[in-house]
Amino acid sequence: MSIEIKAPTFPESVADGTVATWYKQPGEACARDEHIVDIETDKVVLEVVAPADGVLKEILKGEGDTVLSDEVLAVFESGAAASAAPAEKTDAPAEKSAAPAAATSSKETVQIKTPSFPESVADGTVATWYKQPGEACTRDDHIVDIETDKVVLEVVAPADGVIGEILKNEGDTVLSDEVLANFLVGASGSEAAPSQAESTSTAEGDEDGVAGPAARKALSEAGLTVSQVKGTGKGGRITKEDVEAAVKSKSAPAAATPAKAAPAAKSASAAPTSTALGAEGRVEKRVPMTRLRATIAKRLVEAQQTAALLTTYNEVNMGPIMELRKKYKDEFIKAHNGTKLGFMSFFVKAATEALKRFPAVNASIDGNDMVYHGYQDIGVAVSTDRGLMVPVLRNTEAMGLADIESSIMDFALRGRDGKLGMDDMQGGTFTITNGGTFGSLLSTPIINPPQTGILGMHKIQERPMAVNGQVVIQPMMYLALSYDHRMIDGKEAVQFLVTIKDLLEDPARLLLEI
């Protein structure tokens with residue numbers, strides 16, 4: 001039976017997408033849910049999978065084509081064998097899929113290119129090479145990351161083979177469909193030409209170490225050779241971190257002596273990372289801001305410039321919540337398949353109830369209109385190596401504590417692995433951020449436009465408190481609510497925060513909704 005394979009349904013803010021990579025070609029057999037094509041938008045790369053076991057019959061949209069939401073990409077024959085597919089393909093798809101088809105021939109050189117960027121993305125930066133010249137790869141191995149100002153794109157090996165030559169090093173700026181490296185299809189590591197790192201080392205007379213492109217730049221900038229640095233990478237390969245450690249370990253007089261390093265440093269002046277020795281031999285390292293970090297910075301500055309930001313503070317006694325967790329934590333884990341009971345779920349439920357009572361805090365501003373949302377979608381700030389992400393919990397009014405905790409854990413794991421998608425971070429009516437996990441006692445969070453409020457949690461600290469005329473030591477937490485004064489009056493903001501405080505100090509109110 002023939003089935004149409006369609007592009008995903010894009011959100012309203014996404015007009016169209018681009019066919020990035022076909023992982024299957026006409027005539028190839030596919031298993032159900034097998035990854036067959038990537039659709040790239042201006043925010044994230046979306047995976048399209050096979051709807052059933054069968055064969056990809058015909059590709060209607062080639063790599064680089066622009067597609068709309070739910071547009072047909074290909075025709076799929078369910079239940080068919082590979083031989084049942086037509087041998088001939090239409091001219092357009094055949095031309096656009098020539099490179100992948102060529103990858104099947106033995107020991108042929110193919111070009112590895114950057115993905116096709118959408119119109120809103122001008123260029124990208126080579127972030128990390130996971131394979132080096134001479135290293136063997138299997139088909140679909142992750143070999144390099146390309147970072148744009150919105151998302152990090154993964155480039156994979158087109159077939160089994162070996163990286164022949166890297167043409168774009170870490171930190172280089174690349175355009176859409178620009179060649180990154182040459183790939184030797186069907187070759188083994190021993191059959192491949194010597195890597196760039198090896199040839200460079202031999203030319204310099206250093207045969208006892210191998211360094212990748214980024215490490216060689218760092219070596220050149222620091223005035224070191226591979227023989228002076230101990231490699232800790234795979235197979236003794238020298239990494240950038242190894243070079244930095246070697247620079248730090250050198251004494252000031254010794255580090256300042258190499259005069260021959262000056263020309264090399266000049267030739268590497270355009271390198272993305274530079275390490276230099278300042279006065280008294282102290283090391284300074286200059287690293288360009290990543291695109292994701294630059295985008296975050298731009299949006300935070302815009303929020304401060306366009307919104308009338310104000311912050312109100314309060315404090316909450318965390319004793320009741322801590323006692324509840326201690327009493328039921330073991331039973332909670334058993335009842336909910338290993339999900340642990342944390343603090344964040346209580347804050348999400350308290351914020352949800354407070355948002356129902358104060359709709360202005362759950363609203364947003366769209367031009368001259370105020371948009372009141374009849375649902376609660378709460379973003380939870382997650383810190384990752386690539387920057388701050390804010391995935392969104394949908395319809396928290398219908399979620400239980402276990403649902404919230406398991407969803408947050410899933411966000412944290414996927415954020416760490418760079419697997420958060422566009423849908424995870426789209427929308428949101430309110431945000432919660434927890435600086436207390438890093439030891440923050442008090443801070444002023446910045447709202448996430450077009451939202452009008454953000455709640456800041458902080459470190460729990462025992463403090464002496466007056467209770468019924470007696471001084472009692474209690475676990476206290478400062479709370480901060482930053483809000484847009486254009487939408488929310490001070491009275492509403494204060495009452496909203498007091499509501500959260502009251503609900504947390506008497507958790508039974510969360511269950512009774514009083």
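The structure presented is a predicted model; accordingly, all values stated were derived computationally and were not measured.
With D53 contributing its side chain and A31 its backbone, the two residues share no donor-acceptor pair below 3.5 Å. A distance-only check finds no donor-acceptor pair linking the side chain of S364 to the backbone of Q451 [under 3.5 Å]. Distance alone, capped at 3.5 Å, places no donor-acceptor pair between the T396 side chain and the L393 backbone. Under the 3.5 Å distance criterion, the side-chain polar atoms of E77 are left unmatched by any main-chain donor or acceptor of L56. In this structure, S78 contributes its side chain and A52 its backbone to no donor-acceptor pair below 3.5 Å.
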Exercise. Stepwise, does the salt bridge (Lys or Arg N to Asp or Glu O under 4.0 Å) test hold for E71 with K6?
Worked result: CA-CA 5 Å; E71 189 168 1; K6 298 182 179 181; over 6 Å; no
Problem set entry | Candidate pair K57 and E4, rule salt bridge (Lys or Arg N to Asp or Glu O under 4.0 Å), full reasoning | CA-CA 10 Å; K57 186 176 181 181; E4 292 182 337; over 6 Å; no
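A salt bridge is defined here as a Lys NZ or Arg NE, NH1 or NH2 lying under 4.0 Å from an Asp or Glu carboxylate O, and K356 with E397 fails to meet this definition. Taking 4.0 Å as the cut-off between side-chain N and carboxylate O, E63 and K113 do not count as a salt-bridged pair. Ion pairing between a basic and an acidic side chain is recognised when a charged N comes within 4.0 Å of a carboxylate O; R139 and D160 show no such pairing.
Checking D141 against T138 by side-chain atom types alone, a donor-acceptor pair falls below 3.5 Å.
Of all heavy-atom pairs spanning W129 and K168, the tightest one is NE1-O, 2.8 Å. Considering all non-hydrogen atoms of both residues, H373 and N362 come closest at CD2-O, 2.9 Å. Closest approach of F411 and V392 over heavy atoms only: CZ-O, 3.5 Å.
Listed by first and then second residue, the side-chain hydrogen bond (donor to acceptor under 3.5 Å, both in side chains) pairs that reach into residues 334-351 are S345-E405, sequence neighbours excluded.
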